[in-house]
> 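Below is one structure. I have some questions about it.
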Amino acid sequence: MLVVYSFLFFILGTSAVLDTITPSQSIKDGETLVSAGGTFELAFFSPGNSTRRYIGIRYKVVLNKTVAWVANRETSLTDHSGVLNVTQQGDLVLLDGMNRRIWSSNTSRTAKNPVVQLLESGNLVVKDGNDDEPGNFLWQSFDHPTDTLLPGMKLGTNFVTGLDKYLSSWKSSEDPAPGQFSLWIDPHGFPQLVLRNGSALRYRAGSWNGIRFTGTPKLSPNPEFYIDLN
């Protein structure tokens with residue numbers, strides 16, 4: 001009988017783990033979205049010794065649950081009253097206990113049947129129904145990186161939409177707001193990776209010549225990495 005109860009508890013616990021929400025659902029502080037393979041989770045957290053609350057994507061299987069992306073990195077919550085919703089139009093919205101908008105995805109397109117899903121890649125996407133074509137996503141966190149570059153994420157400027165994707169450090173271990181260091185793709189001339197401290201240039205990787213970055217001539221090819229500049 002104990003085995004039966006344990007099995008039922010396992011089934012119920014497993015079925016309660018979600019990787020999607022719709023406009024009829026929400027994520028409250030203390031609740032999570034977990035990617036299908038269990039690698040990532042979307043959750044509320046307080047960094048370090050801070051009491052401020054943020055919602056972001058972190059590794060679920062890593063002991064210290066390293067944070068890879070933060071939604072409201074510039075506007076924190078002061079308590080545990082935060083709620084993340086998706087509107088009928090497909091806009092992700094973070095509200096506080098007084099129903100004030102703390103952060104929004106500002107999705108530019110609308111959907112008939114919006115669904116928010118946390119992918120196993122660590123990408124949080126807003127899509128229309130079961131449309132899993134990446135080019136059709138209404139919004140995705142991979143287009144708005146914070147301080148971490150995940151596999152499948154790209155840096156650089158989209159000259160059609162004007163979207164510029166770059167990394168920026170946290171201000172401190174307790175404040176995920178953009179810090180002084182940033183990593184960009186400079187599109188002028190031959191595109192190259194640059195590191196800035198504020199507006200001051202600190203490092204240029206140089207252009208890619210098919211083997212290595214020209215600014216780092218002693219860099220040897222590493223078979224563990226694949227460079228895709230498309």
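Note that the numbering runs from 1 along the sequence shown for the chain.
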> Does a donor on one side chain sit under 3.5 Å from an acceptor on the other, for W184 and S182?
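On atom types as modelled, these side chains qualify, holding a pair under 3.5 Å.
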
> In terms of ring plane angle, is the pair W139 and W103 parallel, tilted or perpendicular, where the classes change at 30° and 60°?
perpendicular

> Quick one: CG on N85 to CG on N99, what's the gap to the nearest 0.5 Å?
8.5 Å

> Can you hop from L119 to L150 via hydrophobic side chains spaced under 4.5 Å?
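No, L119 does not connect to L150 through the hydrophobic network.
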
> Could you go through the salt bridge (charged side-chain N to carboxylate O under 4.0 Å, His left out) check for D147 and K171 one step at a time?
CA-CA 10 Å; D147 71 326; K171 275 190 175 181; over 6 Å; no

> Would R204 and D186 pass as an ion pair if we require N to O under 4.0 Å?
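Judged by the 4.0 Å cut-off on N to carboxylate O distance, R204 and D186 do form a salt bridge.
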
> Going by atom types only, do R53 and S81 share a side-chain donor-acceptor pair under 3.5 Å?
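The criterion, which ignores hydrogens and geometry beyond distance, is not satisfied for S81 and R53.
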
> Ignoring hydrogens, what is the shortest heavy-atom contact between V83 and S26? Give both atom names and the distance.
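Looking at all heavy atoms of both residues, the closest pair is CG1-CB, 3.7 Å.
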
> Where do S104 and R101 come nearest, in terms of heavy atoms and distance?
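That would be OG-NH1, 3.6 Å.
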
> Nearest 0.5 Å please: distance from the OG1 atom of T110 over to the CG atom of L138.
7.0 Å

> Please examine the side chains of Y166 and T157, heavy atoms only from C-beta on, and report whether any two atoms are closer than 4.5 Å.
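Of all side-chain heavy-atom pairs linking Y166 with T157, none is under 4.5 Å.
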
> Please indicate whether F190 has more than 12 foreign heavy atoms, meaning atoms of other residues, nucleotides or ligands, lying under 6.0 Å from its CZ.
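No, because the 6.0 Å sphere around CZ of F190 holds 12 heavy atoms or fewer from other groups.
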
> Taking the side chain as C-beta and beyond, is there a heavy-atom pair between L18 and V34 under 4.5 Å?
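The answer is no, as the side chains (C-beta and beyond) never meet within the 4.5 Å cut-off.
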
> I want to check something: taking the side chain as every heavy atom from C-beta on, are L124 and L92 in contact at a cut-off of under 4.5 Å?
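With C-beta onward as the side chain, the pair touches.
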
> Within the structure provided, determine whether P23 and Q25 are in side-chain contact (heavy-atom separation under 4.5 Å).
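Not in contact.
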
> Quick one: which residue pairs count as a side-chain hydrogen bond (donor to acceptor under 3.5 Å, both in side chains) with a foot in residues 126-137, not counting sequence neighbours?
Q117-K127, K127-D132, D131-N136

> Quick check on the hydrophobic clustering: are V86 and F137 connected, directly or via other members, by side-chain heavy-atom contacts under 4.5 Å?
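No.
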
> So which of T20, I21, D19 actually passes side chain to side chain contact (heavy atoms under 4.5 Å, CB included) with L33?
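Testing each of T20, I21, D19 against L33, the sole residue satisfying side chain to side chain contact (heavy atoms under 4.5 Å, CB included) is I21.
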
> Nearest 0.5 Å please: distance from the CD atom of Q140 over to the OG atom of S121.
8.5 Å

> Which donor-acceptor pairs under 3.5 Å do the side chains of residues 60-69 make with protein atoms, sequence neighbours left out?
unit_1, atom_1, unit_2, atom_2, d
N64, OD1, T66, OG1, 2.9
K65, NZ, E41, OE2, 3.3
K65, NZ, K60, O, 3.4
W69, NE1, H144, O, 2.8

> At their closest point, which heavy atom of D175 faces which heavy atom of W170, and how far apart are they?
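Of all heavy-atom pairs spanning D175 and W170, the closest is O-CB, 3.5 Å.
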
> Measure from the side-chain N and O atoms of D96 to the backbone N and O of R100, and report whether any donor-acceptor pair falls under 3.5 Å.
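Here the side-chain-to-backbone pair exists.
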
> According to a hydrophobic-cluster definition based on side-chain heavy atoms being under 4.5 Å apart (Ile, Leu, Val, Met, Phe, Trp, Tyr only), do V115 and I57 belong together?
no

> What pair of heavy atoms forms the shortest contact from S141 to G122, and how long is it?
OG-O, 4.0 Å

> To the nearest 0.5 Å, what is the distance between CG on L201 and CG on L195?
8.0 Å

> Between L155 and Y203, is there shared hydrophobic-cluster membership here, with clusters defined by ILVMFWY side-chain heavy atoms closer than 4.5 Å?
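Yes, L155 and Y203 fall within the same hydrophobic cluster.
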
> Within the 4.5 Å heavy-atom criterion, are L95 and I102 side-chain neighbours or not?
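When only atoms from C-beta onward are counted, I102 and L95 do not touch, as no gap falls below 4.5 Å.
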
> With side chain to side chain contact (heavy atoms under 4.5 Å, CB included) as the test, would you mind laying out the steps for T32 and I27 before giving the verdict?
CA-CA 7 Å; T32 63; I27 299 295; 6.0 Å; no

> Is any side-chain heavy atom of I55 less than 4.5 Å from a side-chain heavy atom of N72?
yes

> Could you check whether any side-chain heavy atom of S169 comes within less than 4.5 Å of a side-chain heavy atom of P178, counting everything from C-beta outward?
no

> Checking side-chain polar atoms at under 3.5 Å, does E120 have a donor or acceptor matched by the opposite partner on S35?
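There is such a pair between these side chains.
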
> Working to the nearest 0.5 angstrom, can you tell me the gap between R58 CZ and T39 OG1?
14.5 Å

> Ignoring hydrogens and angles, tell me if any N or O in the side chain of T107 forms a donor-acceptor pair with the backbone of G90 under 3.5 Å.
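Yes, because the side chain of T107 sits within donor-acceptor range (under 3.5 Å) of the backbone of G90.
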
> Taking the six-membered ring for Trp, are Y59 and F40 closer than 6.0 Å centroid to centroid?
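Here the rings of F40 and Y59 have centres that are less than 6.0 Å from each other.
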
> Please lay out, stage by stage, how V93 and L84 fare under the test side chain to side chain contact (heavy atoms under 4.5 Å, CB included).
CA-CA 6 Å; V93 179; L84 184 70; over 6 Å; no

> In the single-linkage hydrophobic clustering (I, L, V, M, F, W, Y; side-chain heavy atoms under 4.5 Å), do L183 and F142 co-cluster?
yes

> Is there a side-chain contact between S207 and F213 in this structure, where contact means two heavy atoms from C-beta onward sitting under 4.5 Å apart?
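Counting from C-beta outward, S207 and F213 never come under 4.5 Å.
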
> How many angstroms lie between atom CG of L77 and atom CG of L94, to the nearest 0.5 angstrom?
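Reported value, rounded in 0.5 Å steps: 5.0 Å.
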
